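Everything numeric in this text was worked out from a predicted model, so none of it was measured. Just so we're on the same page: letters track the sequence lines, and every chain starts at 1.
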Amino acid sequence: MEIKQKKEKKEEIVRIYIMGREYKVPAGLTIMKAMEYAGYRFIRGCGCRGGFCGGCATVYRVKGDYKLRMALACQKTVEDGMYTSQIPFTPAEKPIYNLEELSPSVNVFLEYYPEIAKCVSCNTCTKACPQDLEVMDYVQAAIRGDIQEVAELSFDCIMCGLCAMRCPTEIVPYNVALLARRLYGKYVMPKAKHVEERIKEIESGKFDEEIRRLKETSMNNLKEMYEKREIEPE
Amino acid sequence: MSKIKIVRGYPEYMRESIEAVEKTRDGRLKETFPHMSLEERDEILHKFHPDYKKEAKRPVKVGPNKGDLMPHEVADLLEAHPLIKPEDVDLSKADFDVDVLIIGGGGAGMTAALWANYSGVDAENILVVQKLRLGDSNSIMSQGGIQAADKSNDSPVLHYLDVIGGGHFTNDPKLARRLVLDAPLIIKWHEELGVMYDRETDGTMITIHGGGTCRKRMHSARDYTGLEIVRNLKDEVLNKNIPILEFTSAVELLTDEHKQVAGAVLYNMETQEYYVVKAKSTILTTGGFGRLHIQEFPTTNHYGATADGIVLAYRVGAKLRDLDAVQYHPTGAAYPEQIVGLLVTEKVRGLGAQPVNKNGEQFVYPREPRDVEASAIIRECYERNNGVETPTGMKGVWLDSPMIDILHGEGTIVKKLPAMLRQYKRFDIDMTQDPILVFPTLHFQNGGVIINENAETTVQGLLAAGEVTGGTHGKNRLMGNSILDYSVFGRIAGVTAAKRAKNAKIGKLTLNHVTKYEKMLKEADVTTDRKAPILLPEYRGEKVLSRALDIF
Ligand SMILES: Cc1cc2nc3c(=O)[nH]c(=O)nc-3n(C[C@H](O)[C@H](O)[C@H](O)COP(=O)(O)OP(=O)(O)OC[C@H]3O[C@@H](n4cnc5c(N)ncnc54)[C@H](O)[C@@H]3O)c2cc1C
Ligand code: FES
């Protein structure tokens with residue numbers, strides 16, 4: 001049996017401008033794959049290729065429009081007449097801190113990122129976000145010291161850097177959000193008691209004997225135990 | 001060429017099949033297709049799993065695993081010339097002299113770096129080399145979750161049974177034991193770092209099933225579990241001031257006269273300069289091989305998953321295992337074309353979505369072990385011809401995602417699967433309303449470098465952790481056990497490396513193993529101009545490549 005997951009077909013071609021230089025590429029490719037088709041081999045500007053790492057931040061403009069738009073090169077389809085340029089690195093500041101010595105206080109953001117106070121609520125960061133997060137709202141929440149709000153609104157952030165690049169007051173929203181989530185996860189969310197208890201049981205050797213028996217039992221026995229194990233219902 | 005009419009993200013012709021799926025939905029909500037017995041599993045695997053295709057593999061001709069069957073794509077890399085010649089590199093002076101060198105800055109690498117540091121190695125005596133940016137890895141992409149038996153109805157013993165049964169009883173029992181016993185401790189460490197695992201208001205972890213689990217023990221952080229863990233690890237590595245060399249790859253390990261590993265030769269991908277690192281302990285955390293596109297499958301893996309680690313380890317004589325076993329994830333995106341091969345997390349099935357064919361019929365239990373589930377989907381598309389064909393000629397089956405909100409309440413997908421929802425929204429598909437089309441995709445390197453419980457390879461001075469290693473999962477890994485794997489063994493590798501660094505004496509740096517390897521290739525009559533490791537896949541257009549001149 002042959003698995004054939006492709007069909008030869010004639011491709012529609014579009015014209016794109018990679019950093020201003022024109023290339024003809026098949027329609028329907030992502031910006032990333034179109035650049036590769038054109039002959040670029042990425043060292044920077046390409047990480048996960050799946051919308052998770054934020055390594056492929058891109059600025060683009062479409063035909064007949066003056067607006068600069070933001071996207072992830074691995075998640076955006078090329079259009080005819082598109083101009084694109086990548087921003088593989090954002091030279092933003094990340095303060096060094098020891099989480100053990102911090103507390104989830106109302107002022108913690110203003111202490112490490114005092115520039116957030118300068119936010120002019122222009123919403124440019126939100127418009128820049130390729131994840132469609134409410135970036136400005138969480139920056140405002142950070143100014144209020146609302147850690148939970150920042151953590152929850154920013155949770156899907158992939159730290160691509162585009163919000164920081166666009167902010168007219170030099171705020172680095174994604175790093176503020178990182179601090180918020182870490183504080184929230186460490187100090188605010190309730191701890192799981194059952195995890196603690198299980199660790200104690202393991203340390204006391206409670207399961208050692210049973211696992212040893214499994215390791216030593218015959219293959220047939222093991223298979224039978226596996227097949228007969230009870231499955232927790234949905 | 002006539003344009004295909006697209007209706008809410010799908011070509012109009014696919015809508016007919018979607019209607020069939022909608023029609024059977026009510027009935028299917030009430031019944032789930034039964035499990036397969038072990039015999040049935042065995043049969044379907046032999047007939048339909050890509051791994052059982054004889055033509056896809058060959059015995060490797062050289063080295064410690066000579067004679068072992070491996071996919072051609074892997075054997076090609078082991079039967080290849082090293083990238084550097086000993087005479088090109090000046091080993092008389094090391095550019096870096098460290099206690100612990102960590103090759104690969106994904107989940108395993110960062111975990112090892114932190115635990116080496118916690119175990120007493122000063123940050124400046126650690127060096128992490130990373131091909132891409134720190135954290136750009138398979139680890140950041142994992143979505144579904146991490147297993148740990150920490151609930152009262154569960155136990156590490158049951159987890160152990162699942163790991164071993166899922167691996168078809170081929171696992172190294174010592175590694176499997178360590179994996180399950182250290183799991184709760186890892187969850188606790190993550191809690192302390194600040195990882196926002198999904199929890200009830202009283203702190204109880206929200207856990208669900210994964211393929212092949214007998215208890216609900218999958219812990220997740222929405223469907224960005226890997227992102228959330230990696231963000232924490234990365235911030236912590238930066239806060240500890242652990243030195244990192246980004247856009248730099250290890251291209252060869254170094255040995256000394258005592259035949260122990262003694263560091264590595266690195267290559268700056270941008271400036272093309274090399275660096276020599278002398279290290280008392282070297283930890284290999286380079287991840288897997290998805291970007292080899294074995295049997296031409298698309299892959300879920302990140303850009304740098306090119307099997308470099310197994311090549312480096314093999315050259316210094318480390319033994320490998322189970323590389324014949326490739327994991328194809330049953331549900332890769334089959335449509336739209338832009339995201340073909342990307343992962344549809346198993347959590348989608350964990351939350352109740354069933355795989356159904358073009359007529360809206362179930363054909364498999366939704367959560368068989370991965371290889372079994374993948375085989376059933378291939379059978380449905382290629383033997384029974386019940387798949388849906390896409391405009392580019394891919395076949396796939398539906399994953400009935402709208403069931404999730406029906407089963408667990410409206411808004412569940414928005415809350416629990418934001419990454420998936422976003423992925424499809426970007427291409428105008430609403431998975432809360434319409435099913436999504438899937439087909440197996442190359443996902444995970446089950447086998448790899450042999451390690452023991454201390455994360456030591458068969459060669460002195462070389463440790464390894466994470467996807468680059470083999471044994472823990474045997475021939476088939478279950479979902480949620482590899483985040484766990486890189487955490488458990490990354491931690492152990494860091495601790496062991498720190499211990500070793502206290503007493504290890506490194507002699508004169510050599511590349512003698514490279515000369516020896518070349519000799520072996522010659523004796524085995526391997527004639528090739530292939531070189532390895534390949535560092536990055538080649539995706540440039542054919543036309544450009546055929547016209548490229550090497551003159552600048
Ligand atoms: C899309 C996806 C979803 C997944 N979902 C889950 C899940 O839900 N649960 C689960 O348990 N597992 C999941 N997995 C598997 C799991 O994420 C990986 O197995 C695991 O993260 C591997 O970690 P690692 O640190 O060993 O390798 P990686 O995280 O891949 O890190 C290896 C790093 O080494 C670098 N590198 C490679 N070669 C070199 C070199 N020569 N020099 C320097 N650096 C190098 C790479 O670029 C990379 O950054 C998923 C995997 C993928 C791809
Ligand atoms: S390459 Fe990772 S988000 Fe695009």
For chain B, which candidate among A:V188, A:L214, A:D132 shows the most heavy-atom pairs at distances under 4.5 Å? A:L214
For A:M189 versus B:R199, what's the shortest heavy-atom pair and its separation? SD-NH2, 3.3 Å
Please classify the contact of B:Q295 with chain A as side chain, backbone, both or neither, using a heavy-atom distance under 4.5 Å. neither
Shorter than 4.5 Å, heavy atoms on both sides: which option in A:M32, A:R213, A:E100, A:K186 has the most such pairs with chain B? A:K186
Can you tell me if B:K53 has over 12 outside heavy atoms packed within less than 6.0 Å of its NZ? yes
To the closest 0.5 Å, what do you measure between CE (A:M159) and CZ (B:R133)? 9.0 Å
Test the B:R231-A:F155 pair against the cation-pi criterion, namely NZ or CZ under 6.0 angstrom from the six-membered ring centroid and within 45° of the ring axis. yes
Is B:L227 close to chain A through its backbone or its side chain, or both, or neither, when contacts mean heavy atoms under 4.5 Å? side chain
Chain B heavy atoms under 4.5 Å from A:K223: which part of the residue, side chain, backbone, both or neither? both
Steps toward salt bridge (Lys or Arg N to Asp or Glu O under 4.0 Å) verdict (A:K193, B:D202): CA-CA 9 Å; A:K193 287 194 204 74; B:D202 69 349; over 6 Å; no
pair B:Y382-A:Q5: side-chain heavy atoms closer than 4.5 Å: yes
Where on B:R379 is there a heavy atom nearer than 4.5 Å to chain A: the side chain, the backbone, both, or neither? neither
What part of B:S152 is in contact with chain A, defined as an atom under 4.5 angstrom from a non-hydrogen atom: side chain, backbone, both or neither? backbone
Are the side chains of B:K543 and A:Y37 in contact, using a 4.5 Å heavy-atom criterion? no
Looking only at B:V544, B:I339, B:L161, most heavy-atom pairs under 4.5 Å shared with chain A are made by B:L161
With chain A as the partner, which of B:A221, B:A183, B:P156 has the greatest number of non-hydrogen pairs under 4.5 Å? B:P156
Among A:R44, A:M225, A:K215, which has the most heavy-atom pairs under 4.5 Å with chain B? A:R44
Heavy-atom distance under 4.5 Å to chain A: side chain of B:I164, backbone, both or neither? side chain
Checking A:Q75 against chain B: side chain, backbone, both or neither under 4.5 Å from a heavy atom? both
Side chain from CB out, backbone as N, CA, C, O: work out which of these in B:F427 comes under 4.5 Å of a heavy atom of chain A, or both, or neither. side chain
Among the options A:L179, A:N175, A:I158, A:I3, pick out the one with the most heavy-atom pairs lying under 4.5 Å from chain B. A:I3
Residue part contacting chain B, namely of A:Q131, when any heavy atom lies under 4.5 Å: both
For atom CD of B:E542, is the number of surrounding heavy atoms from other residues, nucleotides or ligands below 6.0 Å larger than 12? no
If I measure from the heavy atoms of chain B, does A:D208 come under 4.5 Å with its side chain, its backbone, both, or neither? side chain
Between A:I231 and B:H209, is any pair of side-chain heavy atoms under 4.5 Å apart? yes
Checking heavy atoms, do the side chain of B:D223, its backbone, both or neither come under 4.5 Å from chain A? backbone
Pairwise distance CD1(A:I96) to CG(B:N241) - rounded to 0.5 angstrom: 5.0 Å
Given that the side chain runs from C-beta out, which part of B:T32 has a heavy atom under 4.5 Å from chain A: side chain, backbone, both or neither? neither
Which atoms of B:R217 approach chain A - backbone, side chain, both or neither, heavy atom under 4.5 Å: neither
Exercise: identify the closest heavy-atom pair between B:T213 and A:R229: C-NH2, 4.3 Å
Between B:Q143, B:E296, B:H35, which residue shows the highest count of heavy-atom pairs closer than 4.5 Å to chain A? B:Q143
Heavy-atom pairs under 4.5 Å with chain B - which of A:C74, A:G51, A:G28 has more of them than the others? A:G28
Can you say whether A:Y187 sits under 4.5 Å from chain B via the side chain, the backbone, both, or neither, judging by heavy atoms? neither
Report the C-alpha separation of B:R426 and A:L72 in whole Å, then their side-chain angles, then the decisive distance to 0.1 Å, and conclude whether the side chain to side chain contact (heavy atoms under 4.5 Å, CB included) test is met. CA-CA 11 Å; B:R426 282 181 172 137; A:L72 300 172; 3.9 Å; yes
B:N239 side, atom CG; A:L99 side, atom CG - distance, nearest 0.5 Å: 7.5 Å
Say you draw a straight line from NE2 of A:H194 to CE of B:M205; how long is it, rounded to the nearest 0.5 Å? 6.0 Å
Contact part of B:P298 toward chain A, heavy-atom cut-off under 4.5 Å: side chain, backbone, both or neither? neither
So which residue, B:V195, B:L158, B:V340, B:N153, ends up with the most heavy-atom pairs under 4.5 Å with chain A? B:N153
Atom group of A:I43 that falls short of 4.5 Å from chain B, counting heavy atoms: both
So, the part of B:F169 with a heavy atom under 4.5 Å from chain A: the answer is both
Quick one: what part of B:L38 sits under 4.5 Å from any heavy atom of chain A, side chain, backbone, both or neither? both
Would you check if A:E232 and B:K151 make a side-chain contact, meaning some heavy-atom pair closer than 4.5 Å? no
A:R212 and B:R177: CA distance, side-chain angles, deciding distance, side chain to side chain contact (heavy atoms under 4.5 Å, CB included) verdict: CA-CA 9 Å; A:R212 193 184 58 78; B:R177 173 177 176 275; over 6 Å; no
Just give me the residue among B:K174, B:K425, B:K216, B:E337 that pairs up with chain A most often, heavy atom to heavy atom, under 4.5 Å. B:K216
Between B:D162, B:L238, B:L545, B:N301, who has the most heavy-atom pairs with chain A when the cutoff is under 4.5 Å? B:D162
Do A:F207 and B:Y160 make the cut of ring centroids closer than 6.0 angstrom? no
Roughly how far, to the nearest 0.5 Å, is the CG atom of B:D136 from the SG atom of A:C53? 4.0 Å
Any idea which of A:C157, A:A38, A:P130 has the most non-hydrogen atom pairs under 4.5 angstrom with chain B? A:C157
Is A:R181 reaching over with its side chain to a backbone N or O of B:M196, donor-acceptor style, under 3.5 angstrom? no
Kindly determine whether A:I202 and B:L185 satisfy side chain to side chain contact (heavy atoms under 4.5 Å, CB included), including the steps that lead there. CA-CA 9 Å; A:I202 291 171; B:L185 180 151; over 6 Å; no
Would you say A:R49 and B:Y539 make side-chain contact, with heavy atoms under 4.5 Å? yes
Rounded to the nearest 0.5 Å, the CZ atom of A:F52 sits from the CG atom of B:L342 at a distance of 8.0 Å
Under the 3.5 angstrom rule, does the side chain of A:R41 hit a backbone N or O of B:L536 as a donor-acceptor pair? yes
Can you tell me if CD on A:E230 sees more than 12 non-hydrogen neighbours from other groups inside 6.0 Å? no
